[in-house]
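The structure appears right after this line, and notes come after that.
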Amino acid sequence: MFEFIKNHISEKIYTNLQEFDVKFDVDEARSYEFGDFATNAAVIIAKKRGVSPKEVADEIAALFEDDKYLEASVAGIFVNFRIREDVLKEFVNSSLESIEVSKLGLNKWHLEFGSVNPTGPVSLGHARQAAIGDTLARVLRFLGVDVVTEHYSNDAGRQVNLLTMSFIVRILEKKGENVALPEDAYHGDYLSEFASRLLEQDEDLLDMAQNGGFEGDWKVVFDIAQNLDMEFLSKVAGLLGDNSGEKKENAEKGDVSEEEMFREKFELLKNFIVSVCRGWILQTFKRFRVTFDKVFSEKTLHLSGALKEVFENLQKAELVYFKDGAYFLKTTEFGDEKDRVLIRSDGTPTYFLSDLAYHLDKYRRGFDYYITVLGQDHHEYAQRLAIGLKALGIEADKFKVVLHQFVNLKEGGKVVRMSKRSGKFVTLDELMNKVGVDPIRFFFVSKSNNSHIEFDVELAQSQTTENPVYYIQYVHARICGIERKLTEKGIVLETAFDGKLDGIKRHLVWQLIKFEKALWLVLNSLSPHHLVSWLMETADIFHKLYTEVKVADNPEYWPLFALARKYIAQGLDLIGVEAPERM
RNA sequence: GCGCCCGUAGCUCAGCUGGAUAGAGCAACGGACUUCUAAUCCGUAGGUCGGGGGUUCGAAUCCUCCCGGGCGCGCCA
């Protein structure tokens with residue numbers, strides 16, 4: 001409806017005034033008092049013609065004298081439009097059937113978000129990323145887009161080796177060994193807990209691992225854990241290349257098969273603990289009402305030779321050179337300030353190379369757009385990635401990165417520093433335990449992506465009733481309450497609207513029409529907060545209407561309430577927040 | 001030093017593809033529950049839109065400089 005009327009206005013002006021080469025705006029009027037829509041066409045066209053804006057404004061207004069949908073009025077240099085009452089009524093009655101919005105068409109979009117190293121719990125930063133990504137996915141789907149959501153799991157490389165090493169240390173601790181956790185290891189308590197549960201053969205831990213993709217033999221993992229010793233740990237340390245000075249001399253002498261066996265054990269342990277962490281992460285996201293169509297493992301790219309292929313393609317294109325023992329990509333040829341390493345001097349691929357392989361994989365799966373939601377700290381990386389994609393010769397402008405600012409946690413008026421490796425942070429699970437899902441999902445998408453968020457834990461706990469999310473949910477609960485009450489009394493509720501649409505009642509209908517505008521704003525900015533603004537405004541108008549119109553005495557207004565509930569429920573669903581029937 | 005983002009009411013933030021008196025929530029103050037849930041409503045108060053300059057008929061919005069804050073500038077991911 002919104003987009004339809006908008007187009008109707010501009011088309012009518014273009015067609016009748018024949019000003020094809022000017023660009024003017026048609027949008028919602030600045031204030032509801034002025035009208036529903038407004039255009040600045042008069043001032044733009046007047047300037048071009050060299051006449052007064054008033055003259056053109058009158059001309060435009062005259063065009064709409066017998067318009068089917070609108071009545072126009074001139075206010076200074078603007079022309080304002082009001083939708084006719086019968087058109088509004090028609091909107092109400094058809095929307096009671098189903099909410100219709102202009103669709104985007106048959107686009108296929110790929111959305112990647114909530115991608116995290118499977119090395120620990122979900123942090124608040126990732127939670128914001130997931131809330132944004134999931135809301136975008138829901139909105140896009142509502143707009144008719146074919147969406148695939150994907151979680152990319154960085155389960156290869158040094159970080160997961162470090163994780164495994166930390167896990168081994170924790171197991172040894174449980175077995176009574178006197179070991180210290182290295183500085184750069186993962187210090188969170190969860191690994192210690194997982195170690196205990198593994199040694200106790202806790203079935204729930206196995207479940208978690210299997211949810212995270214573990215397919216190995218659980219008994220074997222248990223055996224390995226049982227028989228871990230300090231020697232094993234020292235071999236692991238060598239594997240990490242921590243002490244680069246003492247490159248393994250034992251490799252020369254050591255029994256090859258023994259070395260292979262050690263490797264195998266290490267890989268299995270790694271596979272297990274990585275799967276546990278990934279299962280945990282996915283479980284947390286699920287609780288946060290975020291699910292993914294696909295979980296993509298970085299490791300599979302290494303195993304399939306995808307990295308090698310990308311590297312060789314770049315080599316063939318003569319974009320790679322060898323220097324200081326490492327292979328560099330000539331990103332400077334594409335505007336980067338310096339060239340980037342693809343393969344390190346120790347022969348291992350960088351994250352950059354595997355990420356290029358990952359994006360090529362996405363590209364080959366064939367989408368119209370590829371969205372990646374990342375924290376603001378990745379902004380420079382995002383640019384480099386775009387450059388890398390150009391080097392690969394794929395359509396880089398189909399890839400869009402949505403950056404969001406951080407979540408700062410405040411406790412006692414102080415900003416809490418969060419770091420995963422130190423284990424000092426508040427996790428999404430903990431926060432959900434404290435305040436529930438709804439306030440968090442709501443809060444994380446209620447500000448623009450570019451805006452920093454200050455999350456005050458105490459405030460969230462102590463003042464939950466003052467959270468705006470309840471203001472919106474209360475609309476839904478109130479309407480459900482009325483319906484219950486009236487139905488109990490045996491009052492038959494109207495299913496079609498034919499009352500008078502004036503004052504606040506008309507304002508509400510207009511607000512519901514603007515739902516479509518809010519969705520398109522989300523689409524164009526890829527920032528979900530516009531939808532929350534709409535929800536707030538809608539709740540505001542509804543609560544006013546509620547005090548003004550007593551449906552019990554005026555049952556003819558019931559369809560307006562029913563419609564408000566429908567829209568509020570839809571809006572809340574799109575941001576992943578529940579619409580309760582009572583509060 | 002370079003790059004990205006931010007600076008709007010006491011607090012947290014909308015508004016930024018230029019337009020008509022700058023908005024909301026919270027906090028403050030004063031009212032409204034024998035009436036569909038007061039987790040609500042009505043009212044009051046609160047702003048040189050960080051600062052200077054520029055473009056324009058018109059700037060919170062665009063350009064530029066300055067000040068202040070966050071983040072990033074690895075053969076980490």
Side-chain angles (χ1 to χ4, degrees), chain A residues 23 25 29-31 33-34 38 40 43-44 46-47 53 75-78 80 115-117 119 154 156-160 162 184 298 323-328 337-338 340-352 354-355 375-384 403-406 408 415 420-421 443 446-456 459 463-475 477-486 488-489 491 524-525 529-530 532-533 536-537 539-540 542-555 558 561 582-583:
Chain A
K23 195 173 174 289
D25 289 327
R30 169 86 181 193
S31 157
E33 311 307 318
F34 299 146
N40 63 354
V43 65
I44 307 276
K47 199 172 175 183
I77 58 172
F78 297 97
N80 295 321
S115 296
V116 332
N117 295 347
T119 53
N154 302 115
R158 184 179 151 80
Q159 293 306 321
V160 286
L162 264 178
D184 58 351
E298 181 190 350
K323 188 188 151 202
D324 302 334
Y327 290 92
F328 286 76
E337 58 189 25
K338 63 179 183 182
R340 307 291 170 173
V341 174
L342 290 173
I343 297 182
R344 301 184 190 97
S345 50
D346 68 357
T348 58
T350 59
Y351 178 73
F352 184 44
S354 60
D355 226 34
Q376 141 78 16
D377 54 337
H378 285 72
H379 84 267
E380 207 150 274
Y381 179 76
Q383 289 170 8
R384 197 189 316 158
L403 295 172
H404 67 84
Q405 291 291 345
F406 289 150
N408 283 323
V415 173
K420 202 184 223 179
R421 247 181 277 171
F443 191 60
S446 65
K447 322 291 183 194
S448 115
N449 294 347
N450 274 335
S451 171
H452 292 268
I453 283 186
E454 303 258 330
F455 199 103
D456 191 319
L459 202 74
Q463 305 194 335
T464 47
T465 56
E466 278 147 18
N467 192 313
V469 72
Y470 299 107
Y471 182 77
I472 296 164
Q473 290 181 316
Y474 190 45
V475 171
R478 270 186 149 174
I479 301 173
C480 290
I482 298 171
E483 188 175 27
R484 269 198 307 274
K485 207 81 164 203
L486 296 185
E488 270 169 28
K489 282 186 186 167
I491 296 174
N524 290 327
S525 62
H529 72 281
H530 297 102
V532 174
S533 301
M536 284 297 287
E537 281 165 26
D540 183 41
F542 175 80
H543 285 309
K544 283 188 175 82
L545 173 73
Y546 180 90
T547 27
E548 192 175 289
V549 177
K550 301 267 184 272
V551 175
D553 307 330
N554 304 279
W558 172 250
F561 282 57
R582 352 174 153 245
M583 286 172 73

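Each chain gets a letter, A, B and so on, in the order its sequence line appears, and its residues count up from 1.
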Any idea which of [options] is nearest the [X] side chain?
X        : options             : result
A:Glu380 : B:G3, B:C36, B:A77  : B:G3
A:Arg344 : B:G3, B:C76, B:U35  : B:C76
A:Lys338 : B:A20, B:G74, B:G19 : B:G74
A:Gln159 : B:G69, B:C36, B:C76 : B:C76
A:Tyr546 : B:U40, B:C36, B:C4  : B:C36
A:Asn40  : B:A20, B:C41, B:G19 : B:G19
A:Ala38  : B:C36, B:A38, B:A20 : B:A20

Under 4.0 angstrom, heavy atoms only, what part of the nucleic acid is [X] near: base, sugar-phosphate, or nothing?
X        : value
A:Ser448 : sugar-phosphate
A:Ala477 : base
A:His379 : base

Counting just side-chain N and O atoms, does [X] come under 4.0 Å of either OP1 or OP2 of [N]?
X        : N     : answer
A:His452 : B:U12 : no
A:Tyr351 : B:A77 : no
A:Arg478 : B:C41 : no
A:Thr547 : B:C42 : no
A:Lys323 : B:C75 : no

Atom P, compared across B:C4 and B:C42: separation rounded to whole Å: 44 Å

Between B:G74 and B:G3 - P atom distance, rounded Å: 16 Å

Does any nucleotide pair with [N] by Watson-Crick or G-U wobble geometry, both distances under 3.5 Å, and what is it?
N     : result
B:C75 : none
B:U56 : none
B:U21 : none
B:G7  : B:C67
B:U40 : B:A32

From A:Thr350 atom OG1 to A:Ile343 atom CD1, the distance as rounded to the nearest 0.5 Å: 8.0 Å

Integer-rounded Å distance: B:C76 C1' and A:Asp184 CG: 11 Å

Under 5.5 Å and under 30°: A:Phe78 stacked on B:A20: yes

base_contact_polar (B:A20 base, A:Asn80 side chain, donor-acceptor, <3.5 Å): yes

Which atom of A:Tyr351 lies closest to which atom of A:Arg344, heavy atoms considered: N-NH2, 4.3 Å

Residue pair A:Tyr471 / A:His543: nearest heavy atoms and the distance that separates them: O-NE2, 3.0 Å

In B:C33, glycosidic geometry as syn within 90° of 0 or anti otherwise: syn

Ionic contact status for A:Asp184 with A:Arg158, cut-off 4.0 Å: yes

